[in-house]
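Please read the structure below before turning to the comments.
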Amino acid sequence: MTLAGKHIVLGISGGIAAYKTPFLVRQLVQNGAEVETVLTRSAAEFVTPTTLAALTGRPPRSALFDIEAEAAMGHIELARWADTLVIAPATAHTIGRLAAGLADDLLTTLALATPAPLFLAPAMNQQMWAHVAVQENIRALRARGVGIIGPDAGEQACGDVGPGRMSEPETIIDHLQTLHAQKPLEGKLTGRKIVITAGPTREPIDPVRYISNHSSGKQGYAMAAAARAAGAEVVLISGPTRLETPAGVRRVDVESATDMMKATQAELEQTDVFIGVAAVADYRPAEPKDRKIKRESSGDISIEMTMNPDIIRSVAESAARPTVVVGFAAETNDAIQHARDKRLRKGLDLIVVNDVSRKDIGFNTDENAATLISDDKEVTLSKQSKDSLAGAIVEAIVELLGES
Ligand code: CTP
């Protein structure tokens, strides 16, 4: 009963994959969730309201202006009731309407009116999925924190083969379980705004080349997911990564350290916690060239480097200093001593240090081990997934906020 008592609003839009939704509904109910189903106009062509009513024990809803349904639970009430809104299948049309922010039926209205995280399980023909219009909509939704589940690749109802099949109900349930798994911290950061930097930065040499580092962004993204799961409003200022934005997190994409600095300053007002996880390049080419450096005419070259701004230090020293400022340090030798010094030098409340000379943790791996150093405490956490480490760090942050 991993979803016991959770209120799930399941939106169903009109695609052939809707035939899978009764299985999804059954598994949600078996996991203890309370489910309200909302159909788009064409969804009823693929799945019958009678089936859904039998499985959920509640009549499915469809129209925005249904007097009887509104009398039982108004649509705004339904939007507030939801712990999660999942749309499965999400057709290209519904994805387009969500990306445009339309509210032309009950489902899209709920998507705008609910504070709950939104997940989509897209399903469509592979050519449609690949279309730039759909991909742009997906990118826009992801950037707004919408969780995109799948689609899977394989044989399609239309005979095509490729990505576009709706993910299996088990996969969708897995996502929801992960979202609701972080129980102990649930609500601990509600009403707090947290700004996190993550990933590497790229410092241009010329229009086609840059200097960067091996940071994957995984630890920063895990921090964002954990802070969001604890109820915070999370802004993730991210250098280039291959990662998906955690559900419910607002992501701001940047490239260089200078951009990251600007984006951070723009977000600082009313921020309770700043977490610098980004591997910010310490130096950048002093004069990036406007044109590609040509081998023939240049011969050997040397690039003059200039120092980048220290983002976290400027946050810690700013007039709008967040209550808690947390830094990360990757060290190769004398890790603890370096980290203690770094925490004081940068004016941080907490520093999370790991030893990157170990190949099994840190950069580009899924696991990490770390020591958390604050004013009055040093706690060493053993090797564990970056997700679970993120949970432990959020716990430490909750404690620091409590003390302040
Ligand atoms: N950091 C930052 N801006 C920089 C460099 C680092 O915000 N220009 C932040 C990182 O996000 C991290 C912390 O500072 O939270 C420590 O990063 P690190 O690279 O270890 O610090 P440096 O000051 O660069 O120290 P070192 O001399 O060890 O390179």
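All ligand and atom numbering here is 1-based and tracks the order in the structure. All residue numbers refer to positions in the sequence shown, counting from 1.
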*Taking everything shown except D300 itself, do over 12 heavy atoms lie less than 6.0 Å from its CG?*
no
Tested for side chain to side chain contact (heavy atoms under 4.5 Å, CB included) against M124, the lone hit among T91, V134, I16 is V134
Close residues (non-hydrogen atom under 4.0 angstrom from ligand 1) work out to G276, A278, V280, D282, P309, D310, I311, I312, G327, F328, K342, K346
Across all chains, not counting sequence neighbours, the side-chain hydrogen bond (donor to acceptor under 3.5 Å, both in side chains) partners of E395 are none
Return all side-chain donor-acceptor pairs below 3.5 angstrom for residues 99-106, not counting sequence neighbours, or 'none' if the list is empty.
from	atom 1	to	atom 2	distance (Å)
D104	OD1	R97	NH1	2.7
D104	OD1	T108	OG1	3.3
D105	OD1	R97	NH1	3.2
D105	OD1	L107	N	3.4
D105	OD1	T108	N	2.9
D105	OD1	T108	OG1	2.6
D105	OD2	R97	NH1	3.1
D105	OD2	R97	NH2	3.3

### Message
Tell me whether the rings of W81 and H7 are parallel (<30°), tilted (30 to 60°) or perpendicular (>60°).
### Response
parallel
Contacts of D253 meeting salt bridge (Lys or Arg N to Asp or Glu O under 4.0 Å) (sequence neighbours excluded), chain-then-number -> R251
